[in-house]
Amino acid sequence: MQYDELVAANAETARRGVRYQRLYELAPVGCVTVDRSGRVQESNLRAAILFGVAHSELGGRPLQKFMPELAADILHRHLRSVFSTSTRQTCKVVLERSGTRPGSFPVRIESIVVPDETGKCLECQSVLINLSEIPDIQEGPLTPEPVTTTTTEPAPNPIVGIDAEAYIESLNNAAERLDSMREERDFAERLLASAPVMVLVLDLDGCIVRFNRCFEDITGYRLDEVRGADWFKTFLPEEDHAQGRATFARLLREKVTMGTVSAIRTKRGNKVEVEWRNTVLRDVRASMCGYMSIGVEAPPHRQLAR
């Protein structure tokens, strides 16, 4: 009897698994499982459609690959918050679809950590909702009131109690400021990309947020390969881990700007001595939010001194 009950329980578990898999695959929203760096481990068909790639090609690719740089930074902070709090977190970003139907559209991402069998939180599950496909919800009754007048008087000004001309002028001013901010952002992006020095940004945990083209040229790594990875384990030789972390801790503790010389490992396996100028980054509320280093290859006499 126990054997028969076990067989029946296993059969029911298998049926539920099949039903869950069908629901997962046919869900009207994108579903993905990602690791701490944002790399896709599992996905459903809807997610592949959102990104404009074949379902079989999505696994192993970072979500940041389908976003502009600013959106990728938002996602990085979102994942960092998800894994640090283990609670459901939400963010809004812009996706850039590739394939035969390219285009940009906003999505809402809702994520929560999924512990593995040993209790470790190495992955999270995320739901992606295409906001451009959600119709606007109109306030008011579902059934319109019957029209009881046939007068042709002009409709009242919808902007009640507001000077319409001043309101329109304020909208124009806001649009001009937005255009100006976009121009400044684009200029900063071009400046960062073309700078003849290495530019590296880490978060407060010492994980890689971004770096520029010069850094890529010297190390051989692309940003999407190591975004979110631990800087010290990825780029510093093992014998320099302790000193590097100590310097990082001092920088964050004392909030100072300081210069250092350290060796980093390239993708080819060789070492490059780099002279860094390090400083903390602050957000719009003046709170410390990261760490930026500008580096150049150290001259021979500095390498010898080290």
Side-chain angles (χ1 to χ4, degrees), residues 20-55 57-115 121-140 142 174-175 178 181-182 185-186 189 201 203 205 207 209-210 223-224 227-228 283-285 287 289-290:
Y20 169 80
Q21 187 65 27
R22 288 175 180 171
L23 178 63
Y24 180 78
E25 290 297 341
L26 300 176
V29 295
C31 301
V32 295
T33 301
V34 300
D35 60 16
R36 289 177 175 266
S37 66
R39 199 171 295 275
V40 177
Q41 306 301 310
E42 295 178 354
S43 63
N44 68 348
L45 181 59
R46 179 60 179 171
I49 294 174
L50 282 177
F51 297 129
V53 299
H55 193 190
E57 298 177 0
L58 190 54
R61 300 181 69 175
L63 289 182
Q64 296 91 333
K65 190 75 172 178
F66 304 95
M67 302 176 185
E69 285 293 339
L70 291 179
D73 291 344
I74 293 174
L75 179 67
H76 172 76
R77 293 194 294 271
H78 169 75
L79 292 177
R80 180 168 169 263
S81 177
V82 170
F83 283 101
S84 63
T85 63
S86 297
T87 58
R88 183 183 298 274
Q89 301 287 330
T90 302
C91 72
K92 293 181 181 179
V93 297
V94 173
L95 286 186
E96 294 181 339
R97 182 191 288 120
S98 57
T100 57
R101 296 173 54 202
S104 300
F105 52 91
V107 297
R108 184 171 76 245
I109 301 179
E110 299 182 8
S111 305
I112 191 168
V113 168
V114 181
C121 298
L122 303 178
E123 296 178 341
C124 76
Q125 289 182 341
S126 299
V127 173
L128 292 81
I129 302 173
N130 186 352
L131 298 179
S132 65
E133 295 179 350
I134 300 178
D136 294 334
I137 300 177
Q138 302 294 332
E139 298 290 342
L142 296 178
L178 182 59
M181 292 173 61
R182 286 172 175 166
R185 180 203 64 189
D186 293 342
E189 291 288 346
V201 178
D203 64 17
D205 294 327
C207 296
V209 176
R210 68 185 307 178
L223 180 57
D224 58 9
R227 189 196 296 270
D283 59 21
V284 293
R285 296 180 296 275
S287 300
C289 63

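In what follows, every heavy atom counts, from backbone to side chain, and hydrogens, waters and symmetry copies are set aside. For the single chain, residues carry numbers from 1 onward in sequence order.
Looking only at distances, no side-chain donor or acceptor of His78 sits under 3.5 Å from a matching main-chain atom of Val93. Remark: the backbone N or O of Cys31 is paired with a side-chain donor or acceptor of Asn44 at under 3.5 angstrom. The backbone N or O of Phe105 lies less than 3.5 Å from no partner atom in the side chain of Glu96, so there is not a single donor-acceptor pair. For Gln41 (side chain) and Arg39 (main-chain N/O), a donor-acceptor pair under 3.5 Å exists by modelled atom type.
Atom CG of Leu45 and atom CG of Leu50 lie 10.0 Å apart (nearest 0.5 Å). Atoms OG1 and CD, on Thr90 and Glu110 in that order, are 4.5 Å from each other to the nearest 0.5 Å. To the nearest 0.5 Å, atom CD of residue Gln89 and atom OG of residue Ser126 are 11.0 Å apart. The line from CG of Leu95 to CD1 of Ile109 is 6.0 Å long, rounded to the nearest 0.5 Å. Once rounded to the nearest 0.5 Å, the distance linking CZ of Phe66 with CZ of Arg97 reads 11.5 Å. Put simply, OG on Ser111 and CD on Glu123 are 12.5 Å apart, with the number rounded to the nearest 0.5 Å.
A 4.5 Å side-chain heavy-atom check between Gln64 and Asp224 finds every atom pair outside the cut-off. Looking at heavy atoms from C-beta onward, Gln125 lies out of side-chain contact with Val32 at the 4.5 angstrom threshold. Looking only at side-chain heavy atoms (C-beta outward), Leu128 and Val29 stay at 4.5 Å or farther from each other.
Annotation for Leu122 and Phe83: closest pair C-CE2, 3.8 Å, computed over non-hydrogen atoms. Closest of all the heavy-atom pairs between Asn130 and Pro106 is OD1-O, 3.5 Å. Pairing each heavy atom of Ile112 with each of Thr87, the nearest pair is CG1-C, 4.4 Å. Val94 and Ala71 make their closest contact through O-CB, 3.8 Å (heavy atoms, listed as atom of the first residue, atom of the second, distance). Residues Asp205 and Arg80 share a closest heavy-atom pair of OD2-NE, 3.1 Å. Residue Val40 comes nearest to Val34 through the heavy atom pair CA-CG1, 4.1 Å, listed as atom of the first residue, atom of the second, then distance.
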Chi angles and distances behind the side-chain contact (heavy atoms from CB on, under 4.5 Å) call for Asp73, Val209: CA-CA 7 Å; Asp73 291 344; Val209 176; 3.9 Å; yes

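Considering Ser37, Cys124, Cys91 as possible partners of Leu79, the one that fulfils the side-chain contact (heavy atoms from CB on, under 4.5 Å) test is Cys124.
Evaluation of the side chain to side chain contact (heavy atoms under 4.5 Å, CB included) rule for Glu69 yields Glu189, Arg210, Leu223, Arg227 as partners, not counting sequence neighbours.
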